[in-house]
Amino acid sequence: MSNENTKQGISSTHIAFIAMFATLAGVLYILNFKLSFAFPGFLDFKLSDIPILIGSFTLGSVSGGVIVVVEILIKLVVKGTSTMFVGELSDLVTSCAFAVTAGIIYKKHRTFKGALVGMAIGTLAEVVIAILINWLVLVPFYAQLFGWDMIIMMMKPLFPACTKATFFNYYLWVSVLPFNLLRCLVAVVVTLVVYKRISRMINSVNRKIYGKPDHDEAKSKKTTIILICVGVFIVALLITFALLREFVF
């Protein structure tokens with residue numbers, strides 16, 4: 001975003017674009033799919049990292065994090081959870097590691113090289129965290145909940161030789177690592193193709209709305225506060241509906 005817009009703080013268009021990217025990410029998150037020919041069937045491939053990464057680049061890393069949170073809340077409200085929220089927590093951490101890290105680096109180096117470095121380090125961050133969270137949190141949780149036999153059985157179609165002793169060799173290094181690399185690569189390629197066009201569109205909208213000096217600074221601040229309050233209320237409402245869906249309905 002332009003320097004002029006940065007000085008104005010959070011504008012109404014900024015919040016509107018966060019909502020737009022979050023909604024698109026939420027829809028793509030709900031429409032995830034499996035690549036069972038290459039990865040275990042319980043790994044869902046999602047394209048929602050694309051609007052998250054673009055949003056982090058165009059709106060800032062904090063906005064990228066907000067998009068991730070809202071995306072997951074939308075999914076929980078519409079579809080609920082089949083993983084007792086553990087899968088969603090994993091997606092929250094890995095998506096933030098990827099997009100927020102890339103956004104922070106790009107903000108300091110707003111060049112094509114800076115974007116490439118940011119996305120490369122973001123990809124590395126996601127892969128490392130995905131491996132750690134699967135190794136230390138997800139697999140132990142599901143093994144405790146369902147037992148090792150069921151988990152290994154789900155690996156057998158792709159890896160017939162998989163046993164409890166060799167599980168992590170197959171799962172972490174042959175499944176989780178390439179799976180997350182592919183997820184990030186798809187987001188990186190699409191972002192490189194469309195980012196500049198979207199960035200120019202956002203800057204154009206901001207110039208049309210904020211091109212003239214705002215003489216009523218108090219009114220502008222009041223509008224910003226109202227918009228932030230509305231955003232917080234919507235997030236709280238999504239959390240409430242998500243919890244009601246799981247524990248009441």
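With rounding to the nearest 0.5 Å, the separation of CG in Leu59 from CD1 in Ile67 is 5.5 Å. Note that CG of Leu182 and CG of Leu177 are 11.5 Å apart. Values are rounded to the nearest 0.5 Å. To the nearest 0.5 angstrom, Leu132 atom CG is 11.0 Å from Leu138 atom CG. With values rounded to the nearest 0.5 angstrom, Glu126 atom CD is found 14.5 Å from Ile121 atom CD1. Atom CE of Met154 sits about 13.5 Å away from atom CG of Asp149, to the nearest 0.5 Å. Separating the CD1 atom in Ile198 from the CD1 atom in Ile54 is a distance of 4.0 Å, to the nearest 0.5 Å.
A side-chain contact (heavy atoms from CB on, under 4.5 Å) with Leu181 is found for exactly one of Leu124, Val186, Val127, Val176, namely Val127.
Pairing each heavy atom of Ala161 with each of Tyr170, the nearest pair is CB-OH, 3.5 Å. Between Thr83 and Tyr142 the shortest heavy-atom distance is CB-OH, 2.9 Å. Annotation for Ser56 and Gly103: closest pair OG-CA, 3.4 Å, computed over non-hydrogen atoms. Ile52 and Gly64 get closest at one heavy-atom pair: CG2-O, 4.0 Å. Contact record, Ala102 with Leu53: CB-CD1, 3.8 Å, taken as the closest heavy-atom pair. Here the closest non-hydrogen pair linking Met150 and Phe146 is SD-CB, 3.9 Å.
With hydrogens and angles disregarded, no donor-acceptor distance shorter than 3.5 Å links the side chain of Lys75 to the backbone of Gly26. For the pair Thr23 (side chain) and Ala19 (backbone), a donor-acceptor distance under 3.5 Å is present. Remark: side-chain polar atoms of Lys164 are not paired, donor with acceptor, to backbone N or O of Trp148 under 3.5 angstrom. Looking only at distances, no side-chain donor or acceptor of Ser48 sits under 3.5 Å from a matching main-chain atom of Leu28. Put simply, the side chain of Thr101 gets close to the backbone of Ala97: a donor and an acceptor are under 3.5 Å apart. Put simply, the side chain of Ser204 never gets that close to the backbone of Arg200: no donor and acceptor are under 3.5 Å apart.
Judged as a side-chain hydrogen bond (donor to acceptor under 3.5 Å, both in side chains), and not counting sequence neighbours, the contacts of Asp91 are Tyr29. For Phe33, the ring-ring contact (aromatic ring centres under 6.0 Å, His included) partners at least two apart in sequence or on another chain are Phe45. Looking at residues two or more places apart in sequence or on another chain, you find a side-chain hydrogen bond (donor to acceptor under 3.5 Å, both in side chains) between Thr166 and Thr163.
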query: Going through the distances and angles, do Ser95 and Asp49 end up as a side chain to side chain donor-acceptor pair (under 3.5 Å)?
result: CA-CA 7 Å; Ser95 291; Asp49 283 336; 3.1 Å; yes

Verdict with supporting geometry, Tyr195 and Tyr106, ring pair (Phe, Tyr, Trp, His ring centres under 6.0 Å): CA-CA 12 Å; Tyr195 165 69; Tyr106 181 64; 5.7 Å; yes

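Residues Val66 and Val27 do not share a hydrophobic cluster, defined by chaining ILVMFWY side chains whose heavy atoms lie under 4.5 Å apart. In terms of hydrophobic clustering, with Ile, Leu, Val, Met, Phe, Trp and Tyr side chains grouped at heavy-atom distances under 4.5 Å, Phe159 and Phe167 are assigned to a common cluster. Note: the hydrophobic cluster containing Val139 also contains Leu158 (ILVMFWY, side chain heavy atoms under 4.5 Å, direct or indirect links). Ile72 and Val100 are not part of a single hydrophobic cluster, where members link through side-chain heavy atoms under 4.5 Å apart. Under the 4.5 Å side-chain heavy-atom criterion for Ile, Leu, Val, Met, Phe, Trp and Tyr, Phe168 and Leu145 are members of the same hydrophobic cluster.
Inter-residue side-chain proximity for Glu71 and Lys46 is flagged as met; some heavy-atom pair is nearer than 4.5 Å. Contact of the Val117 side chain with the His109 side chain is not registered, since no non-hydrogen atoms from C-beta on lie closer than 4.5 Å.
Under a cut-off of 6.0 angstrom, the local environment of CE in Met20 is crowded, with over 12 non-hydrogen atoms contributed by other residues, nucleotides or ligands. Around NZ of Lys156, the count of heavy atoms belonging to other residues, nucleotides or ligands within 6.0 Å exceeds 12.
Side-chain rings of Tyr171 and Phe42 approach one another, their centers coming within less than 6.0 Å.
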